[in-house]
Number of protein chains: 2
Amino acid sequence: MPPKIKSDSDRKLIRSRILDAARDLFVEKGVQAVTMREIAKRIGYSPTAIYLHFKDKESLLQELCNTDFLALADNLSSILEIKDPIRKMVELGKSYAHFALSHPNHYRLLFMTSRPVQEYCNASDLQHTPNHDAYTLLKQVVDDVFVIGAFASQLTDPELIAQTIWAGIHGVCSLEIVLGKDSWIEWRTIDDRITLMQSALLNGLLKETL
Amino acid sequence: MPPKIKSDSDRKLIRSRILDAARDLFVEKGVQAVTMREIAKRIGYSPTAIYLHFKDKESLLQELCNTDFLALADNLSSILEIKDPIRKMVELGKSYAHFALSHPNHYRLLFMTSRPVQEYCNASDLQHTPNHDAYTLLKQVVDDVFVIGAFASQLTDPELIAQTIWAGIHGVCSLEIVLGKDSWIEWRTIDDRITLMQSALLNGLLKETL
DNA sequence: TTCTTAACTTAACAATGTTAATTTAACGTC
DNA sequence: GACGTTAAATTAACATTGTTAAGTTAAGAA
C-alpha cells in the first residue's frame, strides 16, 4: 500500500536505510552474506524495491565503499593535529592499521577486493582533499616529512615513498585479515609486526640521524 | 554410458582434469567464473559428476590452492643455489613478486581470499620443508642472513623478520592486483615500488655496513 | 471524477551449488 | 554363461540468489 510522492529527503533516507542494512550485514558476516533479499527483509521492503534506489547490487556496494572510504579518511584526519611530521606519519600508520583490523570486512571491501574501475568524475573536486581521501592524507603527511629533508637524499619522489609506506602497512594488515587464523605459520603478535614494519621502513627511508 | 571400475590412477587422472579445468577458468577469468557446470562442460561430464571426486566446490578450490601453493614453493626454491645470503633474500622477493603479478588470480586465491581454516594434519611432514612451503623457504633464507649476523643487533627474532619482509612484498603486490588499475592514484611503476620496498626494508633491517 | 504516475509488490526467469533418484555396464560368483 | 552387486555416471529437481517484467495502489493533476 504505497503512500506517494516522496520528497528528496525521504528518498535519501531510504537510500541510507538500505546502505545501513547492507553495511550491518557484511560487517557482521562478510560480503557473501549481503543479499538483496536479506537487505530488503531488514528494512521491511520487498527485494525489488531496492532497485528503485540502486541500479544493481554492484552499485550498492560501490556506494557503500565510497561512503566508508570518506569516513575512514575523516577518521584518520584527526592526526593532522600532531606537530612533529615524523611522529605524525607513524601515528597515521597506527590509526590506519587499527581501522583495518577492527573493521576487517570493511577493509576487505575497500582495499582487498577488485571492483570495476571506479569513475571519479562526479564531485571530483572533493576527491583529492586530505579530509576526504585517505591516500591524499598519507601523501600530505609524507610531503611534510619530505620538506623538512628527513628522507634519505637519494629519495626524490614523495609519491613513491607514500606508496611504499602504504604497501608496507597494508601488507601486514591484509595478511593478518586473510591468514591470521591459519595455524601453519607461527604468527608473531600483530602489534609486533606493525611496529617492526614501521620502524624498519622509517629506518630504511629516513636519513641516518647520528 | 559409464565404463566401469576405474583404477586408482584413472581416478587421479580425472581429479587432475577437473582441477586443470577449474584452474584454466579462474586463471583466465577469475574465481567467479569457476562454476561447477562450466568445469563439467570442459571435461565432457555432467555437472554432478564432479561431486564423485570432490566433496563440494570449496574443497575443490582448497585442493587447487594447496597444489599451486606447493608449485609456487617449488618454483621459488631455485633461488637456493644463490650463495650470498642477502642477494638470495632479495632474489626470493623478486621471484615471489613476479609470481604474484604474473598469476594474479592464483595469487588472489592463495593469499588474498579467506578460506575456512585449513587443516594440515595429513602429510604434515611435507608441510614444513623448504621445497614445499613458500613461507618456510623464506624463513630459511632469512635464517641464513640471521646466522651471518647481518641483521641489526636488536633484531633477535628471525620469524618476526620473515613475516615483516613477506608483508612488505605482499603489500606491494596485492595493492597492485586490487587497485593497480584505479586511476585516482598516480601509481609509480610496479618495479619502482618493489625495488624501493626491498631496499627500504633491507636498509632498515640490516646492520649499518659502513 | 478521471487520468497519470510514483512507489511498491508479486510473479517469474536464469544461473548456480547441490542432493536424490535413476540408469548403465563391468565384475565376481554360482 | 546367467545374475545380482555395485561403481560410474546421468537426469531431475530443489533452494538460493540477482534481476526484470508485469501488475497494483493511491496521491496528486486535469
Side-chain angles (χ1 to χ4, degrees), chain A residues 1-26 28-65 105 109 113-116, chain B residues 1-26 28-65 105 109 113-116:
Chain A
M1 310 90 180
K4 186 161 150 182
I5 301 260
K6 307 243 167 167
S7 66
D8 271 13
S9 67
D10 279 341
R11 289 188 57 86
K12 248 181 193 168
L13 195 129
I14 294 184
R15 277 180 79 90
S16 291
R17 294 217 296 142
I18 294 173
L19 286 169
D20 288 345
R23 188 181 292 106
D24 277 359
L25 278 170
F26 87 78
E28 192 187 352
K29 306 184 194 173
V31 74
Q32 105 289 346
V34 180
T35 71
M36 300 304 251
R37 283 171 165 84
E38 181 62 26
I39 295 172
K41 190 190 293 180
R42 297 212 171 189
I43 62 174
Y45 280 117
S46 75
T48 53
I50 299 175
Y51 289 87
L52 301 173
H53 299 271
F54 295 91
K55 178 170 163 289
D56 53 19
K57 190 182 179 182
E58 185 58 39
S59 299
L60 201 168
L61 290 177
Q62 188 81 254
E63 181 156 333
L64 197 65
C65 220
N105 287 315
L109 188 64
T113 309
S114 296
R115 340 214 107 268
Chain B
M1 309 91 178
K4 187 161 151 184
I5 301 261
K6 307 245 168 164
S7 66
D8 271 14
S9 68
D10 279 341
R11 287 188 57 87
K12 248 181 195 166
L13 196 128
I14 294 183
R15 278 179 78 89
S16 292
R17 294 218 295 142
I18 294 173
L19 286 169
D20 288 344
R23 188 181 293 107
D24 279 358
L25 277 171
F26 87 77
E28 192 187 351
K29 304 184 195 172
V31 74
Q32 105 291 346
V34 181
T35 71
M36 301 303 251
R37 283 171 166 85
E38 181 63 26
I39 295 172
K41 191 190 292 179
R42 296 212 171 188
I43 62 174
Y45 279 112
S46 74
T48 53
I50 300 174
Y51 290 87
L52 301 173
H53 299 271
F54 295 90
K55 178 171 164 291
D56 53 19
K57 191 183 179 183
E58 186 58 39
S59 299
L60 201 167
L61 290 176
Q62 188 80 253
E63 181 156 334
L64 197 67
C65 220
N105 287 316
L109 189 64
T113 309
S114 297
R115 340 214 107 268

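Worth knowing before you read on, the calculation uses all heavy atoms, side chains too, and leaves out hydrogens, waters and symmetry mates. Letters go in sequence order (proteins before strands), and every chain restarts at 1.
Taking atom CD on B/Glu58 and atom C1' on C/dG17, their separation rounds to 12 Å, with Å as the unit. The nearest whole Å value for the distance from the CZ atom in A/Phe54 to the C1' atom in D/dG18 is 16 Å. In this structure, B/Lys57 atom NZ and C/dG17 atom C1' are separated by 8 Å, rounded to whole Å. In this structure, A/Ile50 atom CD1 and C/dC8 atom P are separated by 12 Å, rounded to whole Å. Summarising the geometry, the separation between CG on A/Leu52 and C1' on D/dA21 is reported as 13 Å, rounded to the nearest angstrom. Atom-to-atom, CD of B/Glu38 to C1' of C/dA15 comes out at 12 Å; the value is rounded to the nearest Å. Per the geometry, CD belonging to B/Gln32 stands 18 Å off P belonging to D/dT17, to the nearest Å. Going from atom OH of B/Tyr51 over to atom P of D/dT10 covers 14 Å, rounded to whole Å.
The shortest heavy-atom contact between B/Ala21 and B/Ile39 is CB-CG2, 4.0 Å.
The shortest side-chain heavy-atom distance between B/Asn105 and B/Leu109 does not fall under the 4.5 Å cut-off.
Within the model, atoms OG of B/Ser46 and CE of B/Met36 stand 11.0 Å from one another, a figure rounded to the nearest 0.5 Å. Rounded to the nearest 0.5 Å, atoms CD (B/Glu58) and CD (B/Glu63) are 12.5 Å apart.
When each of B/Ser46 and A/Lys55 is assigned the nucleotide of DNA chain D with its nearest heavy atom, B/Ser46 is the one assigned upstream, toward the 5' end. When each of A/Gly44 and A/Arg37 is assigned the nucleotide of DNA chain C bearing its nearest heavy atom, the one mapping closer to the 5' terminus is A/Gly44.
For B/Arg11, a side-chain nitrogen or oxygen approaches OP1 or OP2 of D/dA8 to under 4.0 Å.
Salt-bridge formation is detected for the pair A/Arg23/A/Asp20: a Lys NZ or Arg NE/NH1/NH2 atom is positioned less than 4.0 Å from an Asp or Glu carboxylate oxygen.
For A/Ala49, the listed nucleotide lying nearest its side chain is C/dT9; candidates were C/dT9, D/dT19, D/dA9.
For B/Thr48 against D/dT11, a side-chain N or O and a base N or O form a donor-acceptor pair under 3.5 Å.
At the heavy-atom level, A/Tyr45 lies under 4.0 Å from the strands shown only through sugar-phosphate atoms.
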